[in-house]
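Here the structure comes first, spelled out in C-alpha cells, and everything after it is commentary.
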Amino acid sequence: MEQMFIQKDGLLYTPDGKTIIGVDVDSTAFSGKVPYGARAIDEEVFNECPFESISLPDSIESLGYRLFANSLTLETVKLPPELKELAPYMFSGCKALTKVYMPNELNGFPEGLFNECSALEEIPFRAGIKVLPQYVFSKCTSLTSLVIPDTVQRIESNAASYCTSLSALVLPASLEYLADNAFEGCTSIHNIRIDQSNKIFFVNEEDGCLYEHTADGDKLRIATSQVQRQQVSFFKDNVDDESDDFFSDEDFDEIDETFSSSVSATDEEAKVLDATSALQAASVSEKESTEDPQALGLSDEEKALMMGDKPAAETPAEETQNQITQESTMEQNDQNVDGLLEDIMSEEKQRDTVSSDVLVDENETKVLSQMMDVMSDAPTETAESKVSDEELVNLLSPSEKPQKLDDTEQKIKILTQSVKKYQILEFNPQGELPAKTDLYVIAENLIQDEQGQDVFTPKLLRCCNTFAHIQNFKRVILLNGLPFENPEFENFYSGFMATKNIVLACEAQSPATLSEYAKKICSESRISLEKEELVTQRKRISTKNNSMIKLVIQDIYDN
C-alpha cells in the first residue's frame with residue numbers, strides 16, 4: 001500500500017509536502033518551530049501538545065480547526081505575519097497561554113478563538129475585526145480591562161462571558177449590536193465607557209451601567225458591580241483638541257493618506273526642548289555651565305523656561321517644579337497589557353479641568369514644565385556600529401551558554417551593536433510607569449551636523465522627548481541602518497521586536513510612498529499601515545495610556 005504521509009523534522013506531511021497532518025510521536029526532532037515550506041496545517045495537529053512555545057513559518061497560508069486546543073503547557077505562539085484567517089477554537093482551553101504574536105491584519109476573529117484561555121491578560125486585537133463572535137474570549141479569567149476596537153460593529157452571544165476579573169470596559173462608536181448575554185457572568189465590571197458619538201448605547205452617569213435606546217425606552221444592557229466609581233473623562237476627550245502641529249488626523253482625509261506633516265512638537269514644546277538641547281550640548285563640553293543658564297547665551301524666554309519660571313497666566317501659583325535626572329534603567333519583563341483604561345481604573349489618576357471641554361490628568365498638564373529638566377549633566381549614549389559582518393554572524397549565532405528569553409538587556413546590546421548608528425535617551429519619569437518602559441525609534445535616514453558627523457534629526461529628538469514625557473517612558477532607543485540583508489538578524493529582530501513599542505521615522509508622506517526598506521521595517525515590527533490603525537496609534541501616543549505603540553511618522557529635516 002502506498003504510504004499516505006511522509007515524515008520530516010518530527011512532523012507528518014501529505015505526500016506533496018504542502019500540508020502538515022500530525023506530529024511524529026516516535027521522533028524527538030520537532031521542538032516547536034515548524035520549518036519553512038508547508039502551506040497548511042490540518043485540524044487539531046497540535047491539540048494537547050506538550051510544548052511551551054510553537055512558531056509557524058511565513059509560508060503557512062491556512063490553519064485547521066482547534067489547532068492548539070487544550071494544550072495546557074503552551075505559553076507562546078508565533079503566527080505568520082501575512083496570515084489573514086484564523087481557525088475556530090484555535091486556542092480554546094490553552095490555560096497557560098500568555099502571548100500570541102498575531103498577523104498584521106485579519107479578516108476577523110473566529111468563534112471561540114481564545115475560549116478558556118485563563119492566563120491571557122490581553123486580547124491581541126488586529127485591524128479589520130468587525131464582529132466579536134460567540135465565545136471568542138469567554139472565560140478569559142485573567143482579563144482585567146478590555147478596549148474594543150473602533151471597527152467592531154457586533155458583539156455576539158457569550159463573546160466575553162464569565163471573564164470574572166474584567167473590571168473596566170470601553171466600547172466603540174461603531175457598535176451597533178450587543179447580544180443580551182455577551183458579558184454574562186462578568187461580575188467585576190465597575191467602569192464602562194462608550195464613545196459619546198454612539199447613538200444606540202450610552203452609559204448612565206447615575207449608576208455607571210450601559211443602556212440601549214429602544215422604541216420601548218432605555219434598556220439595561222450591562223450592569224456594573226457595586227464598586228465605588230470615579231468620574232473621569234473618556235479617552236476621546238483628550239484627543240479631540242490636540243494641536244494641529246502634533247499628529248493631526250487631518251492628514252488622513254485623502255485616500256493617499258499622509259503620516260504627518262512633520263515630526264515636530266508644539267511651538268511651546270519646541271522652545272522648551274531647544275533650550276534643553278542647548279543645555280545638554282553645553283554640559284557635554286563644560287559641565288559647570290549647566291548650573292548657570294546665563295553662561296549659555298540663551299534668550300530671556302529660554303532662560304525662564306529652563307529655570308521653570310513660567311508666566312503666571314500659564315502656570316498655577318501652587319505648581320511645583322519636578323526635578324528629573326537621568327539614570328540607567330532595565331526594561332520591565334515583557335508584558336503586553338492593553339491598559340488604555342488605566343486612568344479609569346486608578347484612584348490616583350483623577351483628572352483636572354483645563355478648559356470647559358478638555359480634561360487631562362495631572363501628569364499631562366506638567367509635561368511642558370518637566371521637559372526642560374529632562375537632560376542632566378550626563379550625555380546620552382550614542383555610537384556607531386563597531387561590528388563587521390563576521391562579528392554580526394557571531395553575535396547572532398547560538399553561544400555556549402544559551403540566552404534567557406527575557407534577557408532584554410543582552411538582546412538590546414545585540415541590536416545596538418548590529419545597526420549602523422544608535423542613540424539612547426534616558427529619563428527618570430514621575431508617576432506610574434507603563435507596562436513597557438522602552439520606546440524603540442527606527443530612523444530611516446540621518447543628517448550631518450556641523451562637524452560632518454551623522455546624527456539623528458533635531459526634530460526627531462524633540463519628538464522622542466515629547467513621547468517619553470507623555471507616556472512616562474524610561475528610555476528611548478534610536479536606531480539607524482538595520483542589516484536586514486542578514487537572515488539571522490532579520491529572524492532575531494522579528495522575534496524580539498514584535499511586542500515592543502516602535503516608531504518608524506521615515507521620509508514618506510503616505511504608505512504608498514514608503515521605501516522598500518521602510519516597508520520591511522513595518523512588516524518585521526508588526527506595524528499596520530491601515531488608515532484606522534494609524535489614526536488609533538497617533539491618538540495613543542499623544543495621550544497617556546498603557547497601550548502598545550506601533551506608529552509611522554514623517555521625519556523631514558529643515559534648517
Side-chain angles (χ1 to χ4, degrees), residues 109 112-125 129 131-150 152-198 200-214 218-237 335-351 432 435 545-547:
F109 273 174
L113 180 64
F114 296 110
N115 181 50
E116 296 187 41
C117 292
S118 55
L120 193 64
E121 296 180 350
E122 181 225 14
I123 303 300
F125 288 111
I129 298 172
V131 178
L132 298 182
Q134 292 184 348
Y135 302 102
V136 62
F137 33 84
S138 177
K139 298 183 181 178
C140 289
T141 54
S142 291
L143 193 66
T144 59
S145 64
L146 187 61
V147 181
I148 307 296
D150 56 12
V152 171
Q153 299 172 358
R154 296 178 61 88
I155 302 178
E156 304 291 351
S157 175
N158 287 294
S161 60
Y162 298 99
C163 294
T164 52
S165 297
L166 182 63
S167 60
L169 175 66
V170 169
L171 300 169
S174 57
L175 186 63
E176 299 173 356
Y177 172 78
L178 177 64
D180 289 338
N181 59 348
F183 292 91
E184 181 179 355
C186 296
T187 55
S188 298
I189 295 179
H190 64 271
N191 277 301
I192 304 174
R193 286 291 179 268
I194 188 166
D195 194 312
Q196 294 179 358
S197 62
N198 189 299
I200 302 175
F201 302 96
F202 70 97
V203 173
N204 186 310
E205 293 302 325
E206 295 293 328
D207 57 17
C209 299
L210 183 76
Y211 290 83
E212 179 181 0
H213 294 297
T214 71
D218 296 336
K219 178 182 178 182
L220 177 65
R221 303 314 308 274
I222 303 177
T224 58
S225 61
Q226 299 303 313
V227 178
Q228 178 66 38
R229 299 189 304 111
Q230 58 176 338
Q231 299 296 324
V232 296
S233 66
F234 179 59
F235 175 67
K236 183 176 183 294
D237 296 339
Q335 300 174 11
N336 188 19
V337 180
D338 191 346
L340 178 59
L341 298 176
E342 180 179 317
D343 291 342
I344 293 177
M345 298 168 61
S346 170
E347 291 288 340
E348 292 76 25
K349 290 287 184 178
Q350 296 289 346
R351 303 242 177 193
E432 189 169 354
N545 64 87
N546 201 23
S547 302

Determine whether [X] and [Y] make a side-chain contact, defined as any pair of heavy atoms from C-beta on separated by less than 4.5 Å.
X      : Y      : result
Ile200 : Glu212 : yes
Asp218 : His213 : yes
Leu175 : Ile148 : no
Lys219 : Tyr211 : no

Between [X] and [Y], which heavy-atom pair has the shortest distance, and what is it?
X      : Y      : result
Asn158 : Glu184 : OD1-OE1, 4.1 Å
Thr224 : Gly208 : CG2-O, 3.0 Å
Asn181 : Ser157 : OD1-OG, 2.9 Å
Ala119 : Ser142 : CA-OG, 3.6 Å
Phe109 : Pro124 : CZ-O, 3.7 Å
Ala223 : Cys209 : CA-SG, 3.7 Å

Next item on the list: Go through the steps for Val152 and Ile129 under the test side chain to side chain contact (heavy atoms under 4.5 Å, CB included), then give the verdict.
Entry: CA-CA 6 Å; Val152 171; Ile129 298 172; 4.2 Å; yes
Inter-residue atom distance [X].[atom1] - [Y].[atom2], 0.5 Å rounding:
X      : Y      : atom1 : atom2 : value
Leu169 : Cys186 : CG    : SG    : 8.5 Å
Phe201 : Ile192 : CZ    : CD1   : 12.0 Å
Lys139 : Cys163 : NZ    : SG    : 10.5 Å
Cys140 : Glu116 : SG    : CD    : 9.0 Å
Leu166 : His190 : CG    : NE2   : 10.0 Å

Keeping the roles fixed (side chain from [X], backbone from [Y]), state whether a donor-acceptor pair exists under 3.5 Å.
X      : Y      : value
Arg221 : Leu178 : yes
Ser138 : Ala159 : no
Ser174 : Asp150 : yes
Ser165 : Thr141 : yes
Ser167 : Thr144 : yes

Note to self: Which label fits Phe125 and Phe137: parallel for a plane angle under 30°, tilted from 30 to 60°, or perpendicular past 60°?
What the structure shows: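 If you compare the ring of Phe125 with that of Phe137, the planes turn out perpendicular.
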Next item on the list: Check the pair Leu143, Phe114 against side chain to side chain contact (heavy atoms under 4.5 Å, CB included), reporting the backbone distance first and the verdict last.
Entry: CA-CA 11 Å; Leu143 193 66; Phe114 296 110; over 6 Å; no
Next item on the list: Among Leu210, Asp195, Val147, Asn198, find the residue that satisfies the side chain to side chain contact (heavy atoms under 4.5 Å, CB included) test when tested with Leu171.
Entry: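 Output: one option passes, namely Leu210.
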Margin query: Determine whether Glu156 and Tyr135 satisfy the following criterion, side chain to side chain contact (heavy atoms under 4.5 Å, CB included), listing intermediate values before the conclusion.
Written below: CA-CA 8 Å; Glu156 304 291 351; Tyr135 302 102; over 6 Å; no
